[in-house]
Amino acid sequence: MSQELVTYIVLGSKTRLKETKLPVKNKYEEYLRLNFDSKENIVKTLDDLITLSKGDLIVLLPPSSFPNTQAKEALKKIALIGLSSWGWFEFSLKRKNFLQNVKKINTLIRSIPDLEQGIYFSKSLYFSVGGIGSFNTAPFSEIAKRLYSRIDPQKPLSPLIIRTKNLTLDLYNAAKS
C-alpha cells in the first residue's frame with residue numbers, strides 16, 4: 001500500500017516545466033508536472049494525472065511555487081484525516097501591488113482562488129464533482145464552484161514560496177500555453 005498522502009502537481013506546458021526543478025520526493029509526498037501539449041488537452045491530461053496519482057490530497061501549484069514547511073504539515077494532516085476537503089493558499093505578503101490587491105478582494109468576495117494561490121482538494125471530492133470542468137483564463141473558477149457546491153473551503157493556508165522573480169510572466173505563460 002502506498003504511503004503518499006499528498007500529490008503536488010505543478011501546472012504548465014512541457015516547454016515551460018522542462019527547466020523547473022521539483023523538490024525531492026519523500027514517502028509522504030509526490031511531485032508531478034502537468035506537462036500538457038496544448039490548451040485543448042489540459043483537462044484530460046490533468047484528469048489522467050490525478051487518476052494515476054498516489055496521494056489522497058491533490059495540490060495544484062503554479063510554476064516555480066511550493067508550499068512552505070508549515071503548509072506541507074497542514075496538508076499531510078488534512079490527508080490523514082481522510083475527510084473531503086478543499087481550499088487554497090493565502091497571497092504572499094512580500095508581493096504587494098495593485099493587481100494582487102484586486103485579486104485578494106476577488107478571492108474574498110467570490111471564494112475562488114487565483115492561479116497564483118494554488119488550490120488543494122481531496123481526490124475523492126474531485127471525482128465526485130466531475131473533475132476540473134474547464135480550464136480557462138481563471139483556471140480555478142470552475143473547479144472552485146463545483147467544490148463549493150459540496151462543502152465550504154478550509155481556512156487558507158500560509159502563502160506559497162515563490163522561487164522566481166518573474167512569477168507574473170510565468171503565470172501568464174502557464175495559463176496561455
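Any value given below was found using the heavy atoms of this structure, including those in side chains, with hydrogens, waters and symmetry copies removed.
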What heavy-atom pair brings [X] and [Y] nearest, and what distance separates the two atoms?
{"X": "Leu75", "Y": "Pro67", "result": "CD1-CG, 4.4 Å"}
{"X": "Gly118", "Y": "Leu160", "result": "N-CD1, 4.1 Å"}
{"X": "Gly131", "Y": "Ile143", "result": "O-CD1, 3.2 Å"}
{"X": "Arg16", "Y": "Pro63", "result": "NH2-CB, 3.2 Å"}
{"X": "Pro23", "Y": "Phe66", "result": "CD-CE2, 3.4 Å"}
{"X": "Pro156", "Y": "Glu90", "result": "CB-CG, 3.6 Å"}

If we only count heavy atoms from C-beta on, is the [X] to [Y] side-chain gap below 4.5 Å?
{"X": "Ser13", "Y": "Leu34", "answer": "no"}
{"X": "Tyr126", "Y": "Ile50", "answer": "yes"}
{"X": "Glu116", "Y": "Pro159", "answer": "no"}
{"X": "Leu157", "Y": "Tyr120", "answer": "yes"}
{"X": "Val6", "Y": "Tyr8", "answer": "yes"}
{"X": "Trp86", "Y": "Ile119", "answer": "yes"}
{"X": "Ser65", "Y": "Phe89", "answer": "no"}
{"X": "Leu11", "Y": "Leu17", "answer": "no"}

Shared-cluster residues of Leu83, by chain and number - hydrophobic side chains joined below 4.5 Å: Ile81
Within this structure, what is the [atom1]-[atom2] distance for the pair [X] and [Y], rounded to the nearest 0.5 Å?
{"X": "Lys14", "Y": "Asp37", "atom1": "NZ", "atom2": "CG", "result": "4.0 Å"}
{"X": "Glu40", "Y": "Thr45", "atom1": "CD", "atom2": "OG1", "result": "10.5 Å"}
{"X": "Thr7", "Y": "Ile58", "atom1": "OG1", "atom2": "CD1", "result": "4.5 Å"}
{"X": "Ile42", "Y": "Leu46", "atom1": "CD1", "atom2": "CG", "result": "9.0 Å"}
{"X": "Leu61", "Y": "Thr20", "atom1": "CG", "atom2": "OG1", "result": "11.5 Å"}
{"X": "Leu147", "Y": "Ser85", "atom1": "CG", "atom2": "OG", "result": "10.0 Å"}

Could you list the residues that satisfy side chain to side chain donor-acceptor pair (under 3.5 Å) with [X], not counting sequence neighbours?
{"X": "Arg146", "answer": "Glu142"}
{"X": "Tyr31", "answer": "Glu29, Lys72"}
{"X": "Lys77", "answer": "none"}
{"X": "Glu73", "answer": "Lys76"}

Exercise: do Ser124 and Ser122 side chains pair donor with acceptor under 3.5 Å: no
Side-chain donor-acceptor contact under 3.5 Å, Arg150 with Ser84: no
Under 3.5 Å: donor-acceptor pair, side chain of Glu30, backbone of Lys54: yes
Common cluster, Leu22/Leu5, ILVMFWY with side-chain heavy-atom separation under 4.5 Å: yes
Common cluster, Phe127/Leu49, ILVMFWY with side-chain heavy-atom separation under 4.5 Å: yes
Worked check of side-chain contact (heavy atoms from CB on, under 4.5 Å) between Val59 and Ile9: CA-CA 6 Å; Val59 183; Ile9 300 176; over 6 Å; no
Residue pairs passing the salt bridge (charged side-chain N to carboxylate O under 4.0 Å, His left out) test where at least one lies in residues 125-135, sequence neighbours excluded: none
